[in-house]
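Here it is: the structure, laid out below.
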Amino acid sequence: MFHVELLRVIIHGVMHLAGYKDKTDPDAAKMRERENHYLAQAPEGLLEGVVYRR
């Protein structure tokens with residue numbers, strides 16, 4: 001779903017602006033966890049049927 005990945009990229013970019021890093025595996029895992037958290041806050045129905053990547 002293009003719109004879901006676009007939203008993930010936007011969230012990812014904003015997180016970098018806020019100081020998050022993803023150069024190491026632990027940092028990337030933490031960032032992915034937070035991305036999923038923020039995606040889960042999306043309006044109901046927007047992400048229907050989405051499987052989160054780990």
Side-chain angles (χ1 to χ4, degrees):
M1 299 174 122
F2 174 77
H3 64 285
V4 175
E5 285 305 310
L6 178 59
L7 182 55
R8 181 181 295 279
V9 169
I10 292 168
I11 291 169
H12 188 90
V14 170
M15 290 176 69
H16 276 299
L17 290 173
Y20 282 83
K21 307 269 189 256
D22 61 356
K23 295 295 182 191
T24 66
D25 286 343
D27 285 346
K30 182 177 181 180
M31 196 163 178
R32 175 66 65 173
E33 178 184 325
R34 297 310 299 164
E35 288 171 9
N36 289 338
H37 168 80
Y38 293 124
L39 281 170
Q41 306 303 312
E44 190 173 325
L46 178 65
L47 306 177
E48 192 171 310
V50 172
V51 176
Y52 294 111
R53 294 184 300 175
R54 295 185 194 267

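Remember, it's a predicted structure, so these values are computed and weren't measured experimentally. Along the sequence shown, residues carry numbers from 1.
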Distance check, rounded to the nearest 0.5 Å: Lys21 atom NZ versus Lys30 atom NZ?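 Going from NZ on Lys21 over to NZ on Lys30, the span is 12.0 Å.
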Not counting sequence neighbours, which residues clear side-chain contact (heavy atoms from CB on, under 4.5 Å) with His12? List them please.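 If we apply the side-chain contact (heavy atoms from CB on, under 4.5 Å) test to His12, skipping adjacent residues, the hits are His16, Asp22, Met31, Glu35.
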Atom CG of Leu39 and atom CG of Leu7: how far apart are they, to the nearest 0.5 Å?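 Output value for this atom pair is 5.0 Å.
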Which residues pass the side-chain contact (heavy atoms from CB on, under 4.5 Å) test with Leu6, sequence neighbours left out?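 If we apply the side-chain contact (heavy atoms from CB on, under 4.5 Å) test to Leu6, skipping adjacent residues, the hits are Phe2, Ile10.
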